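What you are looking at is a predicted structure, and each value in this text was computed from that prediction instead of being measured. In listed order, ligands and their atoms are each counted from 1.
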Amino acid sequence: MDSAEHVIIGAGLAGAATACRLTEAGADSVLVVEQEDAPGIHSSGRNAAMIRQLVSDPEIAALGREGAAFVRRIPPDWDEPVQFDANGSLLLGLGPAAESLRRDLAEARRAGLEAEWRAAEQCLAQVPVLEGAEFEGGVWCPTDGVVDVAALLQGYLREARKRGARLLTRCAVEGFDVRNRRVEGVRTSQGLIRCKTAINAAGAWAGEVARRAGAADLPLAPYRRHIFVSGPLDWVRRDWPFVWDVAHEVYFRPEPPGLLLSPCDEAIVPPGMPAEDSAAVELLGQKLERHLPRLADITISRSWAGLRTLASDHKFVIGWDRVVEGFLWVAALGGHGVTTSAAVGSLAARLLLGRRVEKNPFDPARYGS
Ligand SMILES: Cc1cc2nc3c(=O)[nH]c(=O)nc-3n(C[C@H](O)[C@H](O)[C@H](O)COP(=O)(O)OP(=O)(O)OC[C@H]3O[C@@H](n4cnc5c(N)ncnc54)[C@H](O)[C@@H]3O)c2cc1C
């Protein structure tokens, strides 16, 4: 029988960052278990890789700034570099979306984010393909960009292993040993693992994993979203920022030699590898034609779908379960898990080690017990 003080369920960004920050903070008995053959197969390997710091929720925004700062200055003792293209971002607005962006901008600047409002002509000069697009201006955030997500995930895991953590792949958590409402072990496809804490970083499966432990039944749901990559486009500049039209919910960014795009579609689906739906490419076509007409004729060369798991209030769920002692949630990172991962891991590590946490807006206790 195996044992570890902390068993982390899931080797996506949530689990990997938690292992990294936990070992960095001094824990030496950490085991990450992953049901797949390799880490990062699900949401953490199927996203758009954008580091976006301007969001409406001020508490998620704070984690975003902390996570972005980590990505911009990867610790010097990491063995491998993590590529970060600091091209910035342009978040475009129109009408109420522009007003909401201006409010978010004011709040972000008060919190220290370097960002400014840019008139439509300035945006157009920066990204000429916005000609004919429907927007009145946008927020320019120069410290946003695109990160090599695979390298970031591997970096978290490598650093955790250097400090003694272990990773078991093809190891699915099937149940828990819970005595007197306290976790004592995790039952897996590779046998029982004794532990003091079980960390639920199971992404789209977080609700299912919690049910197996008898933990709180929280309102979480996986939302499918599609990503499309164009064929080669010789007019795309690699140094363009990512452009997110928040009024019409569609985004694009350079993916040399073409573009990566998403129509920001949302459909609740079960956990798993989501099947693609042809309605998404139609939605993309409609949005480009109406709102980004210069992109309307591009051809798509590949596509995939991934899951963003959201709590009903769209806040992350990071904190101790109120029903089962020793069961920590690190879940529901929605569409922000790349940007915030280092900060999420750090918060989880502080909770696990009983360190002081001033205020935790992500505590599952907000849903009652
Ligand atoms: C299309 C799309 C675009 C996105 N773009 C961005 C972006 O640009 N920027 C950004 O910040 N965020 C983005 N995101 C969000 C980001 O990808 C997620 O928030 C993040 O990857 C969630 O990480 P996770 O570790 O919680 O989940 P996952 O990566 O899904 O990891 C969970 C892991 O748990 C494992 N697991 C589950 N159940 C068990 C079990 N019983 N036993 C063992 N292992 C188990 C799974 O196999 C999986 O590997 C995007 C998401 C999508 C879908």
Side-chain angles (χ1 to χ4, degrees), residues 7-19 31-53 55 60 63-64 67-68 71 89 144-147 149-150 152-153 156 167-176 186-190 193 198-213 220 222-228 242 244 251 253 260-266 269 271-274 276 280 303-310 316-318 329-345 348:
V7 173
I8 299 175
I9 304 158
L13 285 162
T18 299
L31 175 60
V32 184
V33 295
E34 167 57 51
Q35 64 187 357
E36 304 289 357
D37 294 351
I41 298 279
H42 292 287
S43 307
S44 299
R46 307 178 73 74
N47 52 68
M50 300 181 302
I51 297 293
R52 171 179 165 175
Q53 298 165 88
V55 294
I60 293 180
L63 292 187
V71 165
S89 66
D144 279 353
V146 175
V147 67
V149 182
L152 181 64
L153 179 80
Y156 288 139
L167 167 68
L168 275 183
T169 52
R170 287 181 219 152
C171 182
V173 171
E174 296 166 343
F176 290 82
V186 175
R187 279 186 272 121
T188 78
S189 52
Q190 297 190 24
I193 304 169
I199 295 103
N200 182 5
W205 289 263
E208 206 169 292
V209 163
R211 271 190 292 284
R212 288 181 189 157
L220 307 189
Y223 287 72
R224 182 185 57 200
R225 174 161 291 178
H226 289 72
I227 291 199
F228 297 92
F242 68 78
W244 196 314
Y251 63 72
R253 67 160 175 82
L260 177 150
L261 313 96
S262 175
C264 300
D265 52 309
E266 290 192 332
V269 296
M273 198 56 91
E276 289 184 53
S303 59
W304 65 87
L307 301 180
R308 300 172 314 127
T309 298
L310 293 162
F316 298 174
V317 178
I318 307 171
W329 293 77
V330 189
L333 306 187
H336 308 291
V338 179
T339 310
T340 59
S341 55
V344 165

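- For a threshold of 3.5 Å applied to N or O pairs, the pair formed by Ala48 and ligand 1 contains at least one separation below that value.
- The protein atom (non-hydrogen) at minimum distance from atom 49 (O) of ligand 1 is Glu34 OE1, 2.6 Å.
- Val32 is not listed as a side-chain neighbour of Tyr156, based on a closest heavy-atom distance of 4.5 Å or more.
- Considering backbone and side-chain atoms alike, Val338 places an N or O below 3.5 Å from some N or O of ligand 1.
- The aromatic rings of Trp244 and Phe242 stand perpendicular to each other, their planes meeting at an angle above 60°, with 30° marking the opposite boundary.
- Which parts of ligand 1 touch Trp205 is read off a 4.0 Å heavy-atom cut-off, strictly below it: atoms 37 (C), 38 (N), 46 (C).
- Distances from atom 23 (O) of ligand 1 to the heavy atoms of Ser43, Gly12, Ser44 put Ser44 nearest.
- Between Gly337 and Leu13 the shortest heavy-atom distance is O-CD1, 3.9 Å.
- Close approach of ligand 1 to Ala201 is summarised as follows: ligand atoms under 4.0 Å from at least one heavy atom of the residue are 32 (C), 33 (C), 34 (O).
- Val173 has its side chain out of reach of Ile193: every pair of non-hydrogen atoms, C-beta onward, lies at least 4.5 Å apart.
- No donor-acceptor pair under 3.5 Å is formed between the side chain of Arg170 and the backbone N or O of Asp37.
- Annotation for ligand 1: atoms under 4.0 Å from non-hydrogen atoms of Cys171 are 42 (N), 43 (C).
- For atom 25 (O) of ligand 1, the nearest non-hydrogen atom of the protein is Ala14 N, 3.0 Å.
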Exercise for review: Take Met50 and Ser89 through the side chain to side chain contact (heavy atoms under 4.5 Å, CB included) test and state the conclusion after the steps.
Suggested key: CA-CA 9 Å; Met50 300 181 302; Ser89 66; over 6 Å; no
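- Of all non-hydrogen atoms in Leu153 and Ala11, the two that sit nearest each other are CD1-O, 3.9 Å.
- Considering backbone and side-chain atoms together, Val330 places no N or O closer than 3.5 Å to any N or O of ligand 1.
- Per-residue contacts place Glu36 under 4.0 angstrom from the following atoms of ligand 1 (heavy atoms of the residue considered): 47 (O).
- Taking all atoms of both residues into account, the shortest heavy-atom contact from Ala198 to Phe176 is CB-CE2, 3.9 Å.
- Ligand 1 places these atoms under 4.0 Å from at least one heavy atom of Ala202: 32 (C), 34 (O), 37 (C), 38 (N).
- You'll find the side chain of Val317 reaches within 4.5 Å of the side chain of Leu220, heavy atoms only.
- Summary of contacts: the protein heavy atom closest to atom 18 (C) of ligand 1 is Gly334 O, 3.6 Å.
- Annotation: side chain of Ser43 is not in contact with side chain of Arg308 (no heavy-atom distance under 4.5 Å).
- Residue contacts with ligand 1: Ala204 is excluded, as none of its non-hydrogen atoms falls under 4.0 Å.
- Ring geometry for Trp205 versus His42: interplanar angle over 60°, hence perpendicular rather than tilted (30 to 60°).
- Side-chain contact between Glu34 and Ile41: absent, with no pair of heavy atoms (C-beta onward) separated by less than 4.5 Å.
- When only interatomic distances are considered, the shortest N/O to N/O separation between Leu307 and ligand 1 does not fall below 3.5 Å.
- Note on ligand 1: Ser341 sits outside its first shell, no heavy atom being nearer than 4.0 Å.
- For a threshold of 3.5 Å applied to N or O pairs, the pair formed by Arg225 and ligand 1 contains no separation below that value.
- Applying the 4.0 Å criterion to heavy atoms of Leu333 picks out, from ligand 1, the atoms 19 (O).
- Side-chain atoms of Glu266 and Arg224, non-hydrogen and from C-beta on, never get closer than 4.5 Å to each other.
- Of the candidates Arg170, Arg224, Arg212, Arg46, it is Arg46 that places a heavy atom closest to atom 1 (C) of ligand 1.
- Among protein heavy atoms, atom 43 (C) of ligand 1 sits closest to Gln35 N, 3.3 Å.
- Counting only heavy atoms from C-beta outward, the side chains of Leu333 and Thr309 never approach each other to under 4.5 Å.
- Protein heavy atom at the shortest distance from atom 27 (O) of ligand 1 is Gly203 CA, 3.6 Å.
- Ranking protein heavy atoms by distance to atom 52 (C) of ligand 1, first place goes to Arg308 CG, 3.5 Å.
- Summary of contacts: the protein heavy atom closest to atom 9 (N) of ligand 1 is Met50 O, 2.8 Å.
- Put simply, the side chain of Glu174 reaches to within 4.5 Å of the side chain of Ser189, judged on heavy atoms.
- Contact between Asn47 and Trp304 at its shortest, heavy atoms only, is O-CZ2, 4.1 Å.
- The nearest protein atom to atom 41 (N) of ligand 1, hydrogens excluded, is given as Val173 O, 3.2 Å; this is a heavy-atom distance.
- Taking every heavy atom of Gly306 and a limit of under 4.0 angstrom, the matching atoms of ligand 1 come to 53 (C).
- Neither the backbone nor the side chain of Pro271 has any atom closer than 4.0 Å to an atom of ligand 1 (non-hydrogen atoms only).
- Distances from atom 50 (C) of ligand 1 to the heavy atoms of Ile9, Ile227, Val33, Asn47 put Asn47 nearest.
- Residue contacts with ligand 1 leave out Ile41, since none of its heavy atoms falls under 4.0 Å from the ligand.
- Of all atoms in ligand 1, listed by their number and element, those nearer than 4.0 Å to a heavy atom of Gly10 are 33 (C), 34 (O), 35 (C).
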